[in-house]
Amino acid sequence: MKRIALLGPGTFSEESARHFLGAVPYVLQPCKLIAEVFQAVVAGHADLGVIPIENTLEGSVSQHLDWLVHDVALPIQAEWVYPITMNLMGRAGPLEAIREVLSHPVALGQCREFLRARLPQAEAIPVSSTAEGARLVKQRASEPGLAAIGSAASAALHGLDTLAEHIEDHPDNATRFLLVGPEPLALARPGRAKTSLLVTLPADFPGALHQVLSVFARQRINLVRIESRPTRKRLGNYFFFIDVDSPLSAPPMPEALSEIESLGCSVRVLGSYLSHGV
């Protein structure tokens, strides 16, 4: 039985993992912080970790990307996209009485327009996860005017009332999750083959990135995502995260990566895996 570390309990990470894993034998290991999720897998206390990596409204979760690059060497074994429905939860009462709203910064960002229009008097308070926000509201029950943003499961877990439903700013709100760990998980479900790369240019000179992208174009390899992050070595020096719509074993890929390395670039394979949609 696989041990799966994730933010929880009562988080979207947990909700999405239960949906994604289905009948696969597993036991969930809730963690308070993403750092603890990574560390549990690295230390061997868990077999795999669930990492939210990108959201429709807020874009990439840069801190989690940086962990994959700078702090751990855990390959990506799968990814899935899960629809996110945000709820305002707390003690029953008028919304006008709410003075603080606690949640993860990404969740607060996904509900920015709701907070501006319906709760202009409330201060948005960032915490480590949506579940932690709900837990704190329950813990501080004697204090008036507190609310949290998170999943319906989190409200039920902590005995909070749902004050408003579907408060996300866009109806197509969804989050991309990664399953990371040293060994793959056997899944009897279809998916699209995908490879994630980390490319570092040899130097910052005109046309450097263009040369890398031209290699993929000549080999007719489709790129589905590219994003830069600082290397932390010097200002203006970047890694490039590149997601490729192809398995690593496909005939054009080894030749393309070899050609990119011949340009003086460093190439690190973050994972070659199946991607699953909503």
Side-chain angles (χ1 to χ4, degrees), residues 16 34 38 49-82 84 105-106 109-110 170 172-180 191-278:
S16 76
I34 281 291
F38 281 118
V50 174
I51 309 296
I53 205 72
E54 185 179 11
N55 176 260
T56 305
L57 306 183
E58 290 297 289
S60 296
V61 187
S62 299
Q63 183 182 17
H64 300 177
L65 286 174
D66 288 345
W67 262 92
L68 283 173
V69 174
H70 299 291
D71 300 288
V72 299
L74 296 174
I76 302 168
Q77 300 293 356
E79 85 167 15
W80 66 94
V81 176
Y82 188 74
I84 301 296
V106 173
Q110 293 171 34
H170 196 281
D172 294 326
N173 189 28
T175 293
R176 185 162 66 103
F177 292 89
L178 300 181
L179 192 67
V180 300
R192 188 180 88 246
K194 189 174 178 181
T195 300
S196 290
L197 306 169
L198 187 71
V199 177
T200 308
L201 304 181
D204 186 17
F205 61 88
L209 180 58
H210 178 267
Q211 289 186 24
V212 172
L213 299 182
S214 294
V215 172
F216 290 112
R218 284 197 305 275
Q219 297 287 351
R220 302 185 64 81
I221 297 172
N222 185 41
L223 306 186
V224 293
R225 177 170 169 266
I226 181 168
E227 180 175 347
S228 64
R229 290 293 299 158
T231 63
R232 298 182 179 177
K233 294 180 179 178
R234 67 175 186 273
L235 194 64
N237 195 222
Y238 298 94
F239 295 116
F240 290 91
F241 289 94
I242 299 177
D243 284 348
V244 179
D245 200 9
S246 170
L248 186 63
S249 58
M253 284 289 288
E255 184 178 343
L257 299 189
S258 178
E259 186 175 348
I260 290 170
E261 288 176 334
S262 72
L263 298 173
C265 298
S266 170
V267 179
R268 174 181 162 191
V269 178
L270 297 175
S272 189
Y273 50 89
L274 290 182
S275 174
H276 306 269
V278 177

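Judged by distance alone, with hydrogens and angles left aside, the side-chain atoms of S214 form a donor-acceptor pair with the main-chain N or O of H210 at under 3.5 Å. Of the possible polar contacts, one joining the R268 side chain to the V69 backbone as a donor-acceptor pair under 3.5 Å is found. Formation of a donor-acceptor pair under 3.5 Å by the H276 side chain with backbone atoms of V81 is not found in this model.
The aromatic rings of Y82 and F177 lie perpendicular to each other, with more than 60° between the two planes, well past the 30° mark.
Judged by distance alone, the side chains of S196 and Y273 do bring a donor and an acceptor atom under 3.5 Å apart. Residues N173 and T56 have side chains that never bring a donor and an acceptor to within less than 3.5 angstrom of each other. Side-chain contact, E54 with S60: no donor N or O sits under 3.5 Å from an acceptor N or O. Between S272 and T195, the side chains place a donor N or O and an acceptor N or O closer than 3.5 Å (distance only, hydrogens not considered).
Taking every heavy atom of both residues into account, F240 and S228 meet most closely at CE2-CB, 3.8 Å. When all heavy atoms of A174 and N55 are compared, the closest pair comes out as O-ND2, 3.0 Å. Between S275 and E79 the shortest heavy-atom distance is OG-OE2, 2.6 Å. Residues R229 and D66 share a closest heavy-atom pair of NH2-OD2, 2.5 Å. Of all heavy-atom pairs between H70 and F239, the closest is CE1-CE1, 3.5 Å.
Environment of CD in E255: sparse, with no more than 12 heavy atoms of neighbouring residues, nucleotides or ligands closer than 6.0 Å.
The CG atom of L68 lies 6.5 Å from the CZ atom of F241; values are rounded to the nearest 0.5 Å. Note that the CG atom of L274 and the CH2 atom of W80 stand 13.0 Å from one another [nearest 0.5 Å]. With values rounded to the nearest 0.5 angstrom, I221 atom CD1 is found 12.0 Å from L213 atom CG. For the atom pair CD1 of I84 and OG1 of T175, the computed distance is 4.0 Å after rounding to the nearest 0.5 Å.
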Report the C-alpha distance between S266 and V199 in whole Å, list the side-chain angles of each, state the deciding distance to 0.1 Å, and finish with yes or no for side chain to side chain contact (heavy atoms under 4.5 Å, CB included). CA-CA 6 Å; S266 170; V199 177; over 6 Å; no

Steps toward side chain to side chain contact (heavy atoms under 4.5 Å, CB included) verdict (L197, V244): CA-CA 8 Å; L197 306 169; V244 179; 3.9 Å; yes

Please lay out, stage by stage, how L257 and L248 fare under the test side chain to side chain contact (heavy atoms under 4.5 Å, CB included). CA-CA 10 Å; L257 299 189; L248 186 63; 3.7 Å; yes

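Listed by chain and number, the residues in a ring pair (Phe, Tyr, Trp, His ring centres under 6.0 Å) with F216 amount to none (sequence neighbours excluded).
At a threshold of 4.0 Å, the pair K194-D245 does not count as salt-bridged, since none of the basic side-chain nitrogens sits closer than that to a carboxylate oxygen. The pair E227-R225 counts as a salt bridge, with a side-chain nitrogen and a carboxylate oxygen less than 4.0 angstrom apart.
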